[in-house]
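Step one of this worksheet: look at the structure below.
The model shown is predicted, which means the values in this text are computed figures rather than measured ones. In what follows, chains are A, B, ... by sequence order, proteins preceding strands, each numbered from 1.
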Amino acid sequence: MTHSIPDAAETTPPDSATERPPDATTVVHHQNRPVLAARSLVFSYGNTAALRGVSMHLTRGEILAVTGPSGSGKSTLMLCLAGLVTPDAGEVRFGDQVISAEKEAFRSKLRRTDFGVLFQFGQLVPELTAVENVALPLLLAGVKRSSAITAATTWLDRFGVAEVAGSRPPEMSGGQGQRVAVARAMVTEPSVLFADEPTGALDALSGEQVLTQMVRVVREAGTSVVLITHDATVAAYGDREIVVRDGMIDGADHG
Amino acid sequence: MSTGHVLMGLLSTRERHGYDLKKDHDERFPAARPLAFGQVYATLERLRKKGHVEAVEIERVEGPDRTVYRLTGDGRAALAEWLSEVEKPSPFVSNPLATKATIALLVADEATAADYLRRQRDAHLARMREYTRLKTDPQASIAEVLGADYAIAHLDADLRWLDTALDRIAALDRSLASSPPPTPDDKPLKDFS
């Protein structure tokens, strides 16, 4: 399944770079257009400010590590970016679309088609086998069962867990379960994968296997990744890092 | 770290000459400083005098003669003893990062110290990315992976310290910002004399 990504480069007014004849520089510029961007995001839980004016961007095919101490606001930032919560102020843009202004039904559809979300504990459905878990997003999107199972099997294989296709989550190791969860997040071939502490519950070597395979697969697929972590050894799998402290980006949006 | 024990460890698999040992060492331990030839030959001579290695033959090929060494029984026992000893944990008393941050606070202000720490954090993470790429390369040898793991763990310790230092300086900054303005009788804030 493939999806067309709304691209800011195709819809925004031409700037000096796009007005020049196409050349290598223009191509690079086009590829570096943000696939996802946030501007001045503010979000509070009651009286507690979680985000206090966060601006950031994610370019196509980039793995962006979002780090910061516990309670810094990094997970809230991910929830806003993925459209799981609506910011109190500011906007989230996916290509040319301001998704933070859209209704929940629209954002929900976006999460089924263009966004993949992965949490620390894979949140697999315990009653379903690995292959059924991975096929689930496709079935919810209306794909025929046989096609969904075939695609899910391929994705399990890409993550090196084909052997647990018929196993249920309680029968798998933590590392296997998390690889199945990444396969499920990737099965719709999303433009953006959101991963919140994806290896937080795993030992070092299992975490390394999950991350190594995840990075290899997203590089092949050209998927952009927002990797939320408090762990620098996990952030080091990214291309760039932003640090969230006290609900704000610490220093410049650097990298 | 004793170069003698490392060379004995390499000799334990088969006898060979100094040139081979240097090459093998540098390939197996890419993160370590390459051995100088002079250091290898001086160490082998020292080990020979102690009876831990012995010269078995002189290889005469093109170029200079090469003495082939073999690990002796005494050498094997010394090696086994060394392997059973734990290394003394480093005290880490000399920390240029902490020194620099302290001096930044002394001569400038919290913002300068925090800016330095942030840039140091970026440099550390960039190095950590290099080691992460190295160890996740399917072609990486076990020696490279182990060396990268070690480097990453140490960089990670520094990074955790850098984060704590940034938190401390931010807290210091806030406490200064919330303190009442100094009266003419107050000492200057930066009087460390």
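- In this structure, F37(B) places its CZ atom where more than 12 heavy-atom neighbours from other residues, nucleotides or ligands lie under 6.0 Å away.
- Both the backbone and the side chain of T136(B) come within less than 4.5 Å of a heavy atom in chain A.
- The local environment of CD in E81(B) is sparse, with at most 12 non-hydrogen atoms from other residues, nucleotides or ligands closer than 6.0 Å.
- Pairing each heavy atom of A232(A) with each of D156(B), the nearest pair is CB-OD1, 3.7 Å.
- The local environment of CZ in R127(B) is sparse, with at most 12 non-hydrogen atoms from other residues, nucleotides or ligands closer than 6.0 Å.
- Summarising the local packing, CZ of R66(B) is surrounded by more than 12 heavy atoms from other residues, nucleotides or ligands at distances under 6.0 Å.
- Contact annotation: the side chain of V243(A) approaches that of R121(B) to within less than 4.5 Å [non-hydrogen atoms, C-beta and beyond].
- We find that R129(B) and D239(A) are not joined by a salt bridge, their nearest charged nitrogen and carboxylate oxygen being 4.0 Å or further apart.
- At a 4.5 Å heavy-atom cutoff, the contact between D149(B) and chain A is made by side-chain atoms alone.
- Looking only at side-chain heavy atoms (C-beta outward), K135(B) and T212(A) stay at 4.5 Å or farther from each other.
- Within 6.0 Å of the OH atom in Y19(B), the count of heavy atoms belonging to other residues, nucleotides or ligands does not exceed 12.
- Contact annotation for R245(A): only side-chain heavy atoms (C-beta onward) come within less than 4.5 Å of a heavy atom of chain B.
- For chain A, the option among T132(B), I152(B), L155(B), D167(B) with the highest count of heavy-atom pairs below 4.5 Å is T132(B).
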